[in-house]
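From a predicted model like this one, the values you see are computed outputs, not experimental measurements. Chain letters run A, B, ... following the sequence lines, proteins first and then strands; every chain starts at 1.
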Protein chains: 2
Amino acid sequence: MTAAEKHQVSRASASRRARGGSRLSGRAGIRDVAAAAGVSITTVSDALNGKGRLPDATRSHVREVAQRLGYRPSAAARTLRTGKSGLIGLTVTTYGEEPFTFTEFAYFAEMARAATSAALARGYALVILPATSRHDLWSNVALDGTVVIDPSDEDPVVTELVRSGLPVVSDGRPSGSLPVAAWVDNDHEEAVRGLLDHLAEAGARRIGLLTGTSTDTYTRLSTTAYFDWCARVGQEPVYEHYPAHDHCAGAVAADRLLARPDRPDAVYGLFDPNGTDLLAAARRYGLRVPEDLLLVCCSESSVYATTEPPITTLSLKPGRIGNTVIQLLIDAIEGIGGDAPVHQVMPTDLIIRTSSQRRSPRTTVSAPRSPGNAPGPSDPADA
Amino acid sequence: MTAAEKHQVSRASASRRARGGSRLSGRAGIRDVAAAAGVSITTVSDALNGKGRLPDATRSHVREVAQRLGYRPSAAARTLRTGKSGLIGLTVTTYGEEPFTFTEFAYFAEMARAATSAALARGYALVILPATSRHDLWSNVALDGTVVIDPSDEDPVVTELVRSGLPVVSDGRPSGSLPVAAWVDNDHEEAVRGLLDHLAEAGARRIGLLTGTSTDTYTRLSTTAYFDWCARVGQEPVYEHYPAHDHCAGAVAADRLLARPDRPDAVYGLFDPNGTDLLAAARRYGLRVPEDLLLVCCSESSVYATTEPPITTLSLKPGRIGNTVIQLLIDAIEGIGGDAPVHQVMPTDLIIRTSSQRRSPRTTVSAPRSPGNAPGPSDPADA
DNA sequence: TTGAAAGCGCTAACAC
DNA sequence: GTGTTAGCGCTTTCAA
């Protein structure tokens with residue numbers, strides 16, 4: 001009696017048969033392949049997964065039969081058995097009622113693109129999940145780990161995830177004492193210092209800041225760095241703030257900043273839309289850029305390359321961050337690298353355009369910073 | 001002997017115990033909850049899933065115990081058992097080597113946001129997957145269905161998915177004869193006609209087109225509609241095309257279009273960056289917008305509201321599309337609605353700004369079209 | 001009303 | 001080398 005023949009009367013096959021045979025039960029299973037190839041299911045499993053020490057002949061024969069039968073292994077069964085799903089959660093802290101903040105469109109999109117790409121390269125896929133604490137959703141999907149973008153103070157979702165033993169890596173340093181396995185962030189303070197220095201070198205005497213009222217780390221660090229810089233060079237701070245992620249409020253604040261009696265002769269806008277808003281405001285007040293007003297804003301958008309005039313932007317390099325976050329997370333999942341939490345600080349790029357140059361307007365140059373303090377175990381590519 | 005006591009000596013518990021007890025084996029399982037609550041695992045399952053006819057007392061008691069033990073049902077096991085994962089694949093046709101095309105950032109981001117949101121509302125999560133035919137990735141995740149954005153001709157991935165019996169709904173009508181369960185698309189031809197009429201009404205005598213060389217449906221339909229319109233009004237077509245999704249080529253083509261001897265007095269750009277490119281080109285040739293040149297481009301980006309001058313855009317309403325696609329897909333997954341493929345055509349919005357108005361520049365108005373031919377079974381909200 | 005038992009499809013020990 | 005077997009943790013008949 002061959003293996004295949006034995007299989008004919010085996011329990012599983014019988015129950016299948018009772019229900020009308022494998023054709024009616026939908027897709028072919030590993031048993032069908034085994035039967036058709038005349039081997040056992042173990043051999044099929046090993047052949048398809050490249051395990052065991054099978055002769056190449058068997059391996060290729062099984063593969064061929066599986067192919068012919070259109071066999072697709074069940075991801076659910078594999079996950080249940082191995083405890084690994086190959087799925088990574090991706091979540092963004094919510095600011096509104098929608099499950100995602102795409103206010104910073106370009107940043108998020110690029111970060112997500114890079115993360116997805118990096119994960120895929122290592123055999124993982126990303127699942128987009130909301131930052132709400134709705135357990136049912138999170139527990140309905142088997143995750144190997146999670147990436148959290150901009151975790152808020154003591155984020156309940158993150159806390160819960162970490163407590164359940166799931167590796168969590170965050171984009172942006174966690175505000176409180178969230179016990180994430182690792183985090184990646186830009187050196188925001190250094191970035192602001194560098195950019196203010198750049199403006200000062202271009203001739204700015206009084207640099208203003210357009211910032212948000214929100215207390216997230218990015219806003220806080222950047223604003224603090226601005227005040228520190230002002231204190232150091234002996235300039236009185238000139239700033240306006242508004243509820244971040246409220247575009248209209250941003251436009252109004254931009255206008256307010258340029259309407260002040262102590263009008264700044266240079267402005268740095270912390271958020272993506274600030275550039276166009278400030279440009280529009282400058283136009284209303286008849287201020288020429290860069291002659292009367294120097295402008296820099298933090299943005300990943302390429303539109304600032306073609307505005308009139310082109311605007312100098314600070315890029316946070318979201319692609320690089322997304323990639324790094326994923327490498328760190330997968331390393332943690334697979335137990336590569338140490339157990340100690342990794343904190344990786346990434347440099348930013350100042351893309352210098354006309355709006356911040358009074359003299360000779362070169363086109364584009366970058367002013368990278370030091371590459372960070374705690375090099376991770378991986379080798380993140382650039383983005 | 002109570003159920004709980006019997007459970008103590010049951011097979012599963014024993015094997016667990018042999019490995020050192022449930023505490024060491026990680027998270028609490030349904031058996032632990034059953035034991036702690038003094039009921040059977042069936043009762044736990046029913047109590048937690050709101051099934052069966054249990055007294056409320058039992059139900060709440062079980063829930064409480066589960067809560068206390070920090071019990072989280074295993075998604076993998078449930079998926080294996082029920083055949084439903086609650087996961088929906090999201091894929092975008094690739095144009096480059098990267099797994100995603102975010103060239104049309106704003107469109108994709110907004111579409112994905114809306115889709116994610118809609119899916120979540122119905123208890124599903126989205127998994128981002130590459131359009132490559134790498135089987136290993138697709139078969140590593142248990143999907144209930146898939147959304148395909150911009151399926152290309154006879155897309156092998158889509159074909160494969162459909163053949164495996166998975167419901168597939170596409171954003172953008174499939175070019176060939178891909179047997180998707182449903183598709184959603186804009187009425188591109190009507191959109192172009194409406195927009196050209198609008199330009200003509202604003203005084204345009206010769207309207208140019210900036211378009212792509214790619215053969216995707218959007219480009220094809222829009223370009224054809226342009227030629228048809230020209231034929232109807234008796235205008236000679238004036239157009240330049242370039243490899244879509246190549247930003248630099250777009251800028252060059254924009255320049256070329258305005259450098260022609262038969263220079264158009266109005267231009268429609270099919271792709272997002274065309275607006276700023278055309279504006280830059282106009283500036284180089286000393287053309288005032290809208291006085292010398294009327295401008296419209298297809299874009300979801302809000303930057304066109306603050307350019308100088310603000311540019312009229314055609315919005316494809318990606319949010320609405322993302323939502324509809326998901327409703328259709330989940331309906332198909334859950335067997336709601338008929339079996340016949342649904343083709344839903346969605347209206348576009350023309351957001352009229354200064355760049356297309358020679359007379360009184362009102363701020364913003366929409367020119368919606370007919371709501372489509374085959375109303376789907378769902379009730380997609382607006383976005 | 002509640003419980004026992006049978007698997008969902010696969011992988012990994014461990015026999016042969 | 002290859003096959004047998006025992007579950008992964010859950011849902012779901014079916015019996016009590």
The nucleotide from dT11(D), dT2(D), dC10(C) with an atom nearest the side chain of Y71(A) is dC10(C)

Backbone N/O of V168(A) and side chain of T146(A): donor-acceptor pair under 3.5 Å:
no

Could you tell me whether the side chain of S170(B) and the main chain of P151(B) form a donor-acceptor pair under 3.5 Å?
no

Rounded to the Å, how far apart are I41(B) CD1 and dG9(D) P?
12 Å

Please check if any side-chain donor atom of T43(B) sits under 3.5 Å from a side-chain acceptor atom of S40(B), or the reverse.
yes

Can any side-chain N or O of R31(A) pair as donor or acceptor with the backbone N or O of I41(A) at less than 3.5 Å?
no

Does the side chain of T58(A) get closer than 4.0 angstrom to OP1 or OP2 of dG1(D) through an N or O atom?
no

Taking R78(A) for its side chain and N140(B) for its backbone only, find out whether a donor-acceptor pair lies under 3.5 Å.
no

Once you round to the nearest 0.5 Å, how far does CG of L143(A) lie from CG of L161(A)?
7.5 Å

Between P on dT5(D) and CD1 on I30(A), what's the gap in Å once rounded to a whole number?
16 Å

Measure from the side-chain N and O atoms of T116(A) to the backbone N and O of A112(A), and report whether any donor-acceptor pair falls under 3.5 Å.
yes

For the residue pair N323(B) and Q327(B), confirm or rule out a side-chain donor-acceptor distance under 3.5 Å.
yes

Let's see if you can work this out: which of dG9(C), dT2(C), dG9(D) has an atom nearest to the side-chain heavy atoms of S74(A)?
dG9(C)

Integer-rounded Å distance: dG9(C) C1' and L48(A) CG:
13 Å

Tell me, which of residues 77-86 of chain B have any heavy atom that sits under 4.0 Å from an atom in DNA chain C?
L80(B), R81(B)

Rounded to the nearest Å, what distance is computed from the CG atom of residue D46(A) to the C1' atom of nucleotide dT2(D)?
9 Å

Please give the angle, rounded to 10 degrees, between the axes at the start and the end of the helix from dT1(C)-dA16(D) to dC16(C)-dG1(D), where five pairs define each axis.
40°

Please compare T42(B) and A76(B) by the position of their nearest nucleotide in DNA chain D and report the one closer to 5'.
A76(B)

Between P of dG1(D) and NE2 of H61(A), the distance in whole Å
19 Å

State the CZ-CG distance between R72(B) and L166(A), to the nearest 0.5 angstrom.
12.0 Å

